[in-house]
Structures are given as structure tokens and as C-alpha cells.
Protein chains: 2
Amino acid sequence: MGLNAVQLEKIMDGIHFQVRRFDKNEQVVYAGDSCTELMLVLSGSVKGEMADYTGKTIKIEDIEAPRPLAAAFLFGKNNRFPVNVIANEAVSLLCISRPEFLKILQKDQRILTNYLNSISSRAQFLSSRIKFLSFKTIRQKIAHYLLELAGDRLAVVELPLSQAQLAEFFGVTRPALARAMGELVAEGLVQTQRRTIRILDKQKMNDLLKG
Amino acid sequence: MGLNAVQLEKIMDGIHFQVRRFDKNEQVVYAGDSCTELMLVLSGSVKGEMADYTGKTIKIEDIEAPRPLAAAFLFGKNNRFPVNVIANEAVSLLCISRPEFLKILQKDQRILTNYLNSISSRAQFLSSRIKFLSFKTIRQKIAHYLLELAGDRLAVVELPLSQAQLAEFFGVTRPALARAMGELVAEGLVQTQRRTIRILDKQKMNDLLKG
DNA sequence: GCAAAAGTGTACCAAATGTTACAAACCGGA
DNA sequence: TCCGGTTTGTAACATTTGGTACACTTTTGC
């Protein structure tokens, strides 16, 4: 973060790289392709799609400039792309081979730090996601989610997602989520007014997580 | 990987570090502590424990020499240890501050590569674990697990885990796992003889994953 | 201000899994 | 060989969640 053109030019001096352009809907990489280069989205955006077992594809995520593509797969044991990548629009990608990229990392500490931060944050995100998925019941997921959102201080929280989005995030159906929420209300643990939720009994909410 | 004493000495030249020793059962770090140093287990082993919401602690993992401690938390957005770390036995730790460690990474490409590989592999592992957890039914988990184990060629696989261990890995109860397996047998998709499993119909097994 | 769309609360039944219990098959050592 | 512990197979019942449908409320766009 925070590199100007002059600094960039200095860093890229003596580094081999190439810029590739793709048109809208053009396939950038195929799932299973070997991942030997760092690919950076310079302009435009691409989407990662995973081939469903049925053959139909589902979108995993959008990657917009200036983010890297599959940063966790350039290194590590598995060097094959897990997804198909397709251009959302006209897009240009900066491609740098692994050895060249290592040179850059060794040359500039800011880039090294940024890259380490990026993949570390991803590992942390995945880790917290797994912790979340390990809660068995919907009640537990709600309790964990609300307590996290409220922190130590607050008793009233505003949901940042619609019920349907929240249900998808939880990996459950919307009616099931509404039902579980309704039970918590009936038991006097929370009060709800559409997206506004007041936590009445944090102690009991915590108890839910004991399993 | 693959650094001898002379090489190490050369790398560590001019680097500030310290070696700390802990006795058995001594607490090495507290959950919530800020993580500003790389900590490397030189000898002995430590365990990571998470404080349950009940107050009781559960063991997360053992870390033995020569592995690093919480490598994903030295960088990234969240720089606080997620777990308590306690010495399993007399243990010595090599501690290097983040700036000093960055110096090392810039100085030696092998260490840089090793470190990048380590974090990346972890992210990949977590990612595949999430994919696995996202299968809804036990049948799907079994199918995915067996197909992965068998690969393209084999039809007969030997389970490396007991049914109880497998159930825990799947995050389900043992009887439920046995029941689901029994149904697959009844439907003629597999044959089982305790831990030995023959996949009779790979096509149908694949179809299960379509959901 | 009205109509359409989106979001929410609730009910019903079906499907999947957890819980508990017990019997049968295996395995190791005396 | 026999015995005890472990692993595996199975059953009955309770609980949780998914699937679907529908009424109601709120927001959005015209």
C-alpha cells in the first residue's frame, strides 16, 4: 500500500513481467491449471467460478483491481488453481513468475509486508470461518454472531444483513433462521424489531455456546 | 528445510534474537496477547489450548520442534494470539521480532520460500476443510472422502481411521455415520468389510455430490 | 400515493441427524 | 483357548432442520 509511480518503477527495474489483456467473458485460467505466476488485476475485474459436480458453475467471488489472484496458491503444497477464472469485463493482468516475484519481495520490504499480511489475513479469515461453522445449532450460530457483533459494551445491535443473507452466511434456510430467532425472543433472551436486536440476557446467550 | 549450521550462522549474523526457556506446564503465551515476534520451537513441545466458553479448556494442537508458533498471526489484520500456549515439557523457543524476521526473509530466499509455503499450505488446508464442511449430508461427506481417498484408479480403499475417529472428523456422531454407510451398502454403491471398502459404482457416488 | 417488489413472521410436514442402548464381531494378551 | 476390551452394526425414539406455502409489513420505483 502506498507506493507511488517512481517507487514502483524503481522496484520493477530489472524484473521480468508481462501484462495480459482479456476481453469480457474470456477465460483467464482453467481450474487445475498449474499456478506458477503471481497474477495481479490491474484494471477491470474477474470472477472465480467453481465447476459444480453437475457441470453447472457457481460463482465464488469477484476480484477487482488491484487485488492478486489466488495468492495462496502461488506458494504452498498445492499449486493448481481451484477455480475457473473468467473476465467480468475488459481486464488487464500483471503477471510475474514466482522467482521474479521472490526477487521483488526481497528487494522491497513494503511489498513483502503487504503480501505476508494478505495471505496471513486470509488464513485468519478462513480459521474464524471454520470456528463459526463448527457451531452445531442455529441458536448457537445466532448467539455467537450477535455477541461478536455487540462486543462487550453494546446491548443493541443493528443487523448489517437481511435475514436471507444472514441465513446464507450461516448455511441454513431462511425460515429455519427466523424460527430459531423467534424462539430466542419467546425465551426472553433478545427483543427484535426487524433488523434491530436488543440482547436482554448476555449470560444466557453465552450459556448457549457451551453445548 | 535443508540449512546447515554454517548457513544458519551466516543468516543469523547481525540479527537480534533471544532464546527463552520454559518449564513443563509453564504458560508461554496468553490468549489475547499481542503477537509481535516469531516464536520457533527449538526443542520440546508446546500445546495450544482454547478457553471454552464454560471456562474449561480444550486442546487444539501440539506443536513440536522445529515448528513455528501461530505463524499466521505474526502478520495479518489480527495480531493477537487466539489460544493459550503451554509447555508440554521443558522447552526452548527462539524469538525474533517482526522487523528482524523481515530482515531474515529478505536476506535468505530459502527461508522466505519456506515461510511463504508454510502459510500458504495452511490457507489451502483450511480452504479444503471448509469445502468439506460445506457438504450438507453425511452421505455426501462419505462420498467425497472415499472418492478422494481412492483417486482415479483404485476401487478398494482401506480407511486410515476408526469409525469413531472418522465420525469426529466429519463432525457427526458415530451411529449416524454407520447408518449412512449401511445405506450406501444397501443401495449397492459400496461393499464394506470393516475398514476395507470397495467402491462399486463411482458414477453414482459422484452423483451424490451434485446435491 | 400507489403498485410492485422485497423482507419478515409463521405454520405444516418430511428428511436428516442426534441420543441412547444393546448385540455381534474383532483383537490382543494371559 | 478363553477372556476382556475395543470396534462395529443396528434399532427406536427425540430433536433439529429443510422444504414449501402463505399472510403480513416495509421499502422501492413510478
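Just so you know, these numbers use all the heavy atoms, side chains as well, and skip hydrogens, waters and symmetry mates. Computed from a predicted structure; not experimentally measured. Just so it is clear: chains get the letters A, B, ... in the order the sequence lines come, proteins before strands, and each one is counted from 1.
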(message) Looking at B/L200, is its backbone amide N or carbonyl O close enough to the side chain of B/Q191 to form a donor-acceptor pair, meaning the two atoms are under 3.5 Å apart?
(response) no
- Taking OP1 and OP2 of D/dT8, is either one under 4.0 Å from a side-chain nitrogen or oxygen of B/R195? yes
query: Are B/S45 and B/N88 close enough that a side-chain donor and a side-chain acceptor fall under 3.5 Å?
result: yes
Rounded to whole Å, the CD-C1' distance (A/E183 to D/dT17) equals 11 Å
Residue pair B/L161/B/R179 against DNA chain D: nearer the 5' end by closest nucleotide is B/L161
Between A/Q124 and B/G76 (side chain of the first, backbone of the second, donor and acceptor by atom type, cut-off under 3.5 Å), is there such a pair? no
Whole-Å distance, A/F170 CZ to D/dT16 P, equals 17 Å
Between CD1 of B/I138 and P of D/dG9 the distance, given in whole Å, is 15 Å
For this session: Check whether any side-chain N or O of A/R98 sits under 3.5 Å from a backbone N or O of A/L74 as a donor-acceptor pair, and report yes or no.
Result: yes
Could you list the protein-to-nucleotides 20-27 of chain D atom pairs, N/O on both sides, closer than 3.5 Å?
none

**Prompt:** Would you find a donor on one side and an acceptor on the other, under 3.5 Å apart, between the side chain of A/Q140 and the backbone of A/K136?
**Reply:** yes
Rounded to whole Å, CE of A/M181 lies from P of D/dT17 at a distance of 13 Å
Atom NZ of A/K136 and atom P of C/dA16 are separated, to the nearest Å, by 17 Å
Atom CD of B/E168 and atom P of C/dG18 are separated, to the nearest Å, by 13 Å
Salt bridge (Lys or Arg N to Asp or Glu O under 4.0 Å) between B/E26 and B/R20, intermediate numbers included: CA-CA 12 Å; B/E26 203 174 345; B/R20 296 201 202 116; over 6 Å; no
Taken to the nearest whole Å, CD1/A/I142 to P/C/dG9 is 11 Å
Rounded to whole Å, the CD-C1' distance (B/Q140 to D/dG18) equals 13 Å
Regarding the side chain of A/T192, the nearest nucleotide among C/dG9, C/dA16, D/dT8 is C/dG9
Practice problem: May I ask you to say what A/A176 touches in the nucleic acid, namely base, sugar-phosphate or nothing, with a heavy-atom cut-off under 4.0 Å? | Solution: sugar-phosphate
> Is a side-chain donor or acceptor of A/E37 paired with a backbone partner of A/F17 at a separation under 3.5 angstrom?
Replying inline: no
